[in-house]
Colleague: 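The structure's right below; bear with me while I get my questions together.
Labels below follow one simple rule: chain letters A, B, ... track the order of the sequence lines, proteins then strands, and each chain is numbered from 1.
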Amino acid sequence: MRIKLFWILPVALLLVYAGGGCKKTPGITAPQQYTASSFSQVFEAYWSGMNTNYVFWSIDTTNWDAVYQLYQPLFAKLDISKPQDHLQAFQYFSAMAKGLVDNHYNLSFFDPLLVDSVFNPADARKKGHIAPSLPFTFFSQTITQKYFDVSYWADTLFTEVFSEKKDTLDMGLVEGIIRGHILYLHLDRFYLQHLIQDLGSGILAAGWNKFLTHLHTAGLATSLIIDLRNNSGGYLEDLNYIAGQLIASPLDFAYTREKSGNGRLDYTPWADAVVTPASGATAFSGPIVVLTDQHSVSMAETMAMALRRLPKSHVIGDTTWGANGPLDTNDSLYGGGQYSFADFGYVFTSSAEYMYKNGKIYEGKGFPPDSYVPYNQDSVNAGVDVQLDSAIHYLGY
Amino acid sequence: MSIPHVALVSLTRKVKPAELAQTSAALQKQVLRDLGPLWGLTAAVDAFPDLKSVPLGHWPIVIAENIKAPGLAGFHSDKHHQPYSLVQYDPSWQLTCSHELCEMLVDPYGNRLAHAGSPDPRQGKVSFLVEVCDPCEDAAYAYSINGILVSDFYTPQYFDPQPVSTVRYSYTGAITKPLEVLRNGYLSWLDPVSKRWFQKNCFHGEPKIGPVKGMKTNGQSLRSQMDRIMKNPNGPQTFAAADQKHRGIQAKTFKAGVARAAEWKTEIARHLKGARTHVLLFLIGCTMALAGKGQVTMTFDAGVARNNLLTNIQNRSWEGYKPGNGLFVSTAAQFWLGKYLFVQSGFSWAQKSYSLEQKDTSLTVLNQHTRNDYLQGELGLGGAYFLKIIDKPRRYSEGLQFTGWAGVYEGYWVDGHINGAFSNLINTAEPSPQAYSYSEAYTFDGRRDNRWEFGWQAGLRIYWKDTRDRTAPYLSASIYQSLTDQQKNYMLQQIPRYNQTWALALGIITQIGKR
């Protein structure tokens, strides 16, 4: 009997392990599944949602565990039935998020008492520290009248407001010729393809077609200025729609990676960010200057970075806003990004971490120009565009 | 990535090796935490006992006594134009090392210029010599790292055209606006119109601007020349005052260090005891198997492994883990303690695979197949049962031998590979989103990934045994259940991931020792 025990024991152990598939590991609840029954619940939903959905943990210097240890007891003391505690909660949320590097980041609330409260860490950090933005009239009037060749400026102003379903998408386009051979294009948003397809022929489509005509007229546009100053971004599809007109083969310019698990550092590998040539496009062989400023945001930065990868391109102006992570609302497709927590609030954040082709991540810092020419209020007041002047000078005119 | 390596070396015995090591650690912290992020650089700082120990390619900062003239201390470049610094040993040598280190890393070759409007209203745009510590070099603006005084330094925004109240112009914030020169500091520039060097200094109260004499175009770097020319008249006194001011911080740092050391001693002693036991067990197993007096058998097998990743992603309803297959190879020695009991130790190589896949079939873009290769050491205790089928009395018998064992194993992650696809956000060519497919070696993330795993293991082996102890083929099945997380404990509310690996193998067993 004792003999049998010697081998029965390991077999028994093996059988125990055979049940190992039932081994339970602790789980977490999705942030949407919490209820706003207490501020502790709301806090847990927000905090753990950040662990899974926020894409910049690899570079963010916020100590999110320390945030938990500091704010979890503070939220536990709040009473969700007291209106003043909702205001206090907003203060806490803002303090928790204030150092996050994602410059797209935005906290808004469904809670009726906070529905008008929004916290944007990048706005809070930059408030009072950045140069004013150039108004659209500076592009549509000052530049057209002072810089465009006379034969062009009179009919090169395109600005329009378009409505689409619930949202209003505004977009302005300015296009013209400077000094005979510099083709200039300013866009203040990137809804171009969307609006042209939505509205069909219209003033915006006419402006864009005119740009393409100028671009493809032999001997006319020997160099190009793409002015992305005060461009607040828009849809990614404009990358192909606009930059795709200047290339004949796919352009790798950056990488993105997404979240792939619950851990802060669970990521997919880096994927190539690619601009695909537009149908029938030919490579633009002349020099290209991209103008950027501190109000070149999101898609404007992506566009600048993509164009910078072209062989004869040069970026002039100021460092961009620093919100490079692409956006999408489908977290089941991209593993992270935007989420709502406990029916209380909504986190607007990038869906993927973004790294430029040179291996640097410019999120929170902004894409630096090759030639730094800062905003100059005195010049703007005098109707002089020092950044555009630099671009024209760089192009040899 | 190639990064600069800086060697801290003392030529004077007045600097104790422990002091040098502590200074090196403080300077390394300054580079990684303070200087690096602000200037976009990094470097490794290490202490060395003497110059001959400094590896090739390191930039030395040498602490010495009796430097012939004060102007010889500071930045230099050798005949190969490689940077080094000389630091005069005095009570403030650590602060000076920090000063030289910061300036060396921001401007390794001593000629870096920054361009901005001149502090002298009679001049236009000028070229400033980038010496990041000089405008704030006075010890009064130094700060403490690990109880050691280190130098303040200015940031790239120091040359901004306009002051902004919340912008950081120096690390400590002592400099509050662009081009500001603090007490006992200075700032030098070249006026391109007059082709002369100028300096703004604050050595005697009020800031003063004047020409700098002695700068030559002789091939010597600009900073080397400036260090030769400049001497701060107030250094020792202000250092003494600052040192006194930081004594309290140093005492508290030391006290905290002593307390933490006591905790570490206890903690480490606990681990050492455990580690010794573990190593000992393993050694005992190996030694017994190889040199024991009893019967020793060896097994060699190969087969397949099927691995489950045991974790919980219930909150991510759209995806789930599935088991994966890999290869398995093992060898082990069994030291028989009589007919029925043995100790088994050995090694195995197991490919532990699993997949993360999209549950929603309409979204088929996300999937990742992971294969991790582990080298495992094992130690266990087993028993045997012989089912006699053929019996030749007084000659031999044959039958089925069942052996089973259980024990512990420790695995070391050797390599990994991932392949799969996911939706590529920035590739908007139709169909959008494009799937990005990849197949590549896994990049080990030292912040998250745990290289070691430890757990239980058990197995069964069955073969036809001839009591004349001939070599025989066998079939074995075993299980490895990790008890340690695949990930380091790097965040709160971390969901652990455990490997559970089944292996089925064919092999041979042979006897290498006789009773």
Side-chain angles (χ1 to χ4, degrees), chain A residues 3-11 13-14 16-18 20-21 23-31 33 47-48 51-52 61 64-65 68-69 128-129 236-237 239-240 250 254 256 258 260-266 268-269 271-274 276 302 326 328 332-335 351-352 354 374, chain B residues 161 164-167 308 310-319 340-341 356 360 363 365-366 368 380-385 402-406 418 422-429 432-433 436 438 440 443 445 447-448 456 458-460 479 481 487 490-498 500:
Chain A
I3 293 166
K4 284 186 180 176
L5 277 176
F6 285 131
W7 69 270
I8 287 172
L9 180 64
V11 172
L13 277 170
L14 187 64
V16 169
Y17 285 113
K23 185 179 176 70
K24 295 294 180 192
T25 49
I28 56 173
T29 307
Q33 290 172 348
W47 186 87
S48 66
N51 285 333
T52 55
T61 54
W64 201 239
D65 286 347
Y68 185 92
Q69 283 154 349
H129 306 147
L236 271 169
E237 62 195 19
L239 256 186
N240 291 349
T256 58
E258 298 153 18
S260 68
N262 281 326
R264 284 187 210 136
L265 297 178
D266 290 343
T268 64
D272 294 325
V274 180
T276 305
T302 307
D328 196 281
S332 64
L333 195 56
Y334 298 110
S351 301
Y354 177 96
Chain B
V164 176
S165 62
T166 53
V167 168
N308 286 300
L310 304 180
T311 186
N312 189 337
I313 52 169
Q314 63 188 21
N315 57 314
R316 299 170 75 83
S317 55
W318 61 87
E319 60 188 7
Y340 304 109
L341 190 63
L356 179 64
D360 184 348
L363 301 170
V365 251
L366 174 71
Q368 176 165 306
L381 181 67
Y385 175 73
F402 297 91
T403 59
W405 68 93
I418 49 174
F422 61 94
S423 49
N424 187 354
L425 255 165
I426 307 189
N427 185 349
T428 55
S432 182
Y436 176 80
Y438 59 93
E440 60 192 51
T443 305
D445 185 344
R447 291 180 296 177
R448 182 193 64 166
W456 293 96
L460 271 176
I479 180 173
Q481 172 66 60
Q487 313 154 93
Y490 77 95
M491 58 175 274
L492 292 175
Q493 294 189 9
Q494 185 169 304
I495 308 300
R497 297 168 191 160
Y498 304 107
Q500 183 195 64

Colleague: With sequence neighbours left out, write down each residue that passes side chain to side chain donor-acceptor pair (under 3.5 Å) with B:Y490, or none if nothing qualifies.
Modeller: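 Testing B:Y490 for side chain to side chain donor-acceptor pair (under 3.5 Å), a comparison that skips the adjacent residues, returns none.
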Colleague: Where does A:T61 contact chain B at under 4.5 Å (heavy atoms): side chain, backbone, both or neither?
Modeller: neither
Colleague: Could you report the tightest heavy-atom contact between B:F422 and A:P269, atom names first, then the distance?
Modeller: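 That would be CZ-O, 3.3 Å.
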Colleague: Would B:N427 and A:D272 satisfy side chain to side chain contact (heavy atoms under 4.5 Å, CB included), going step by step from the backbone distance to the final call?
Modeller: CA-CA 8 Å; B:N427 185 349; A:D272 294 325; over 6 Å; no
Colleague: Tell me, please, which residues at least two apart from B:D445 pass side chain to side chain donor-acceptor pair (under 3.5 Å).
Modeller: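 Side chain to side chain donor-acceptor pair (under 3.5 Å) list for B:D445, sorted by chain: empty.
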Colleague: Check the pair A:W47, B:L492 against side chain to side chain contact (heavy atoms under 4.5 Å, CB included), reporting the backbone distance first and the verdict last.
Modeller: CA-CA 10 Å; A:W47 186 87; B:L492 292 175; 3.6 Å; yes
Colleague: Mind listing the closest non-hydrogen atom pair of A:G335 and B:W318 along with its distance?
Modeller: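 So the two residues come closest at CA-CZ2, 4.4 Å.
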Colleague: Could you state the interatomic distance from CZ (B:R448) to CZ (A:R264), rounded to the nearest 0.5 Å?
Modeller: 13.0 Å
Colleague: Checking side chain to side chain contact (heavy atoms under 4.5 Å, CB included) for the pair B:Y436/A:T256: CA distance, chi angles, key distance, verdict?
Modeller: CA-CA 11 Å; B:Y436 176 80; A:T256 58; over 6 Å; no
Colleague: Pick out which of A:T52, A:N262, A:T29 makes a side chain to side chain donor-acceptor pair (under 3.5 Å) with B:N315.
Modeller: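 Of the listed residues A:T52, A:N262, A:T29, the side chain to side chain donor-acceptor pair (under 3.5 Å) partner of B:N315 is A:N262.
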Colleague: Looking at chain B, which one of A:P326, A:G261, A:G128 has the largest number of heavy-atom pairs inside 4.5 Å, strictly under?
Modeller: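 Ranked by contacts with chain B, first place is A:G261.
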Colleague: Is it the backbone or the side chain of B:Q494 that comes under 4.5 Å from a heavy atom of chain A, or both, or neither?
Modeller: neither
Colleague: Counting C-beta onward and ignoring hydrogens, is there a side-chain heavy-atom pair between A:T268 and B:Y438 closer than 4.5 Å?
Modeller: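 No - every pair of side-chain heavy atoms lies 4.5 Å or more apart.
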Colleague: In terms of heavy-atom pairs under 4.5 Å with chain B, which of A:T276, A:I28, A:L236, A:V274 leads?
Modeller: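 The candidate making the most pairs under 4.5 Å is A:I28.
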Colleague: Over all heavy atoms of both residues, which pair between B:L425 and A:S351 is shortest? Give the atoms and the distance, please.
Modeller: CD1-CB, 3.6 Å
Colleague: Heavy-atom distances under 4.5 Å only: say whether B:V164 touches chain A with side chain, backbone, both or neither.
Modeller: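 Side chain only.
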Colleague: Should the pair B:R316-A:D266 be classified as a salt bridge under the 4.0 Å nitrogen-to-oxygen rule?
Modeller: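 No, B:R316 and A:D266 are not salt-bridged.
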Colleague: Between B:E319 and A:S260, is a side chain to side chain contact (heavy atoms under 4.5 Å, CB included) present by the stated rule, with each step listed?
Modeller: CA-CA 9 Å; B:E319 60 188 7; A:S260 68; 5.9 Å; no
Colleague: Look up atom CG in A:N51 and atom CD in B:Q493, then write down how far apart they are to the nearest 0.5 Å.
Modeller: 7.0 Å
